Amino acid sequence: LRFNLIHDVEAYDYGGWGIYPDEGSTHILIENNIVYRTKTGGFHQHYGRENLVRNNVFAFGRLGQIQRTRVEEHLSFIFERNLVYWDRGPLLHGNWTQPQARFDHNCYWREGGKRFDFAGRTLAQWQALGQDTHSIVADPGFAAPHEGDFSLKPDSPALQVGFRPIDLSKVGPRRR
């Protein structure tokens, strides 16, 4: 699942995610997508195994940003080199009692530098679990995120975690 522009996802009652691998989704590569203004979050995995979520932008989920509902015995997904930018709701939404996912090399920023946690844990506590050991909390420096422009300024701290800028001309629908 690559090079998609997904935005303004709404739902009545249930749903409203940008990207939602479900019911045994396994070994899916999800990369270079831009997902913003969703009701329930940019990414939600309910049930799956070893999916790779890499080099995406997830922004402005209203009820949460990244969600997982089912605790599984295996590795559910790897979440690396993503940019998560939001203004309300928790970073991690759903059941995170046992992560069973691997997070690293991400850049997180709650607009205005507002405080946030990692499923009730501080960043240091989250890192003590082996999560996000190389991630940063920093404003990635988007050009105009509220207008849907997620291009990065040349001095973006997101580049420090290995994020590769997504060429916006290559995402979303294109005419041939």
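In this text, all values refer to a predicted model and were calculated from it rather than measured experimentally.
A pairwise comparison of heavy atoms in P21 and H44 identifies CD-O, 3.2 Å as the closest pair. Among all heavy-atom pairs drawn from I28 and S25, the shortest one is CD1-CB, 3.6 Å. The shortest heavy-atom contact between L29 and R2 is CD2-CD, 4.3 Å. The minimum heavy-atom distance between A138 and C107, with the atom names listed, is O-SG, 3.2 Å. Taking both residues in full, the closest heavy atoms of L152 and A158 are given as CD1-CB, 4.3 Å, listed atom of the first, atom of the second, then distance. Nearest heavy-atom pair across R102 and L75 is N-CD1, 3.8 Å.
The closest donor-acceptor contact from the side chain of R110 to the backbone of R115 lies under 3.5 Å. Using modelled atom types, no side-chain atom of H7 and backbone atom of G18 make a donor-acceptor pair closer than 3.5 Å. Between the Q131 side chain and the A101 main chain, a donor and an acceptor come within less than 3.5 Å of each other. The backbone N or O of Q127 lies less than 3.5 Å from no partner atom in the side chain of T133, so there is not a single donor-acceptor pair.
A salt bridge is absent between K39 and E10: the closest approach of a Lys/Arg side-chain nitrogen to an acidic carboxylate oxygen does not fall below 4.0 angstrom.
Linking Ile, Leu, Val, Met, Phe, Trp and Tyr residues whenever their side-chain heavy atoms come within less than 4.5 Å places V137 and F103 in a single cluster. Under the 4.5 Å side-chain heavy-atom criterion for Ile, Leu, Val, Met, Phe, Trp and Tyr, Y108 and L123 are members of the same hydrophobic cluster. Note on Y85: it does not cluster hydrophobically with W17, by side-chain heavy-atom contacts below 4.5 Å among ILVMFWY residues. Both F60 and L5 belong to a single network of hydrophobic side chains, linked directly or stepwise wherever heavy atoms of I, L, V, M, F, W or Y lie under 4.5 Å apart. A continuous path of ILVMFWY side-chain contacts below 4.5 Å connects L159 to F58, so both sit in one hydrophobic cluster.
Side-chain contact between N106 and D132: present, with at least one pair of heavy atoms (C-beta onward) separated by less than 4.5 Å. For the pair N32 and R164, the minimum side-chain heavy-atom distance is below 4.5 Å. Side-chain atoms of R88 and R62, non-hydrogen and from C-beta on, do get closer than 4.5 Å to each other.
Distance CD/Q98 to CG/L129: 11.0 Å, rounded to 0.5 Å. Atom CG of L91 is separated from atom CH2 of W126 by 8.0 Å, given to the nearest 0.5 angstrom. The distance from the CG atom of N95 to the CZ atom of R70 is 11.0 Å, given to the nearest 0.5 Å. In this structure, I34 CD1 and F3 CZ are separated by 10.0 Å, a value rounded to the nearest 0.5 Å. Here CG of N51 is found 12.5 Å from CZ of F79. Values are rounded to the nearest 0.5 Å. One distance of note links CD of E72 with CD of Q45; it measures 6.5 Å at 0.5 Å rounding.
Y14 OH: more than 12 foreign heavy atoms inside a 6.0 Å radius. Atom CD of E73 has 12 or fewer neighbouring heavy atoms from other residues, nucleotides or ligands inside a 6.0 Å radius.
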Run the side chain to side chain contact (heavy atoms under 4.5 Å, CB included) check on H74 and T26 step by step: do they pass? CA-CA 11 Å; H74 55 264; T26 300; over 6 Å; no
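Below 30°, between 30° and 60°, or above 60°: for H105 and H134 the angle between ring planes is below 30°, a parallel geometry.
Aromatic ring centres of F116 and F118: separated by under 6.0 Å.
N33 pairs in a side-chain hydrogen bond (donor to acceptor under 3.5 Å, both in side chains) with only one of the listed residues (N55, N56, N82), which is N56.
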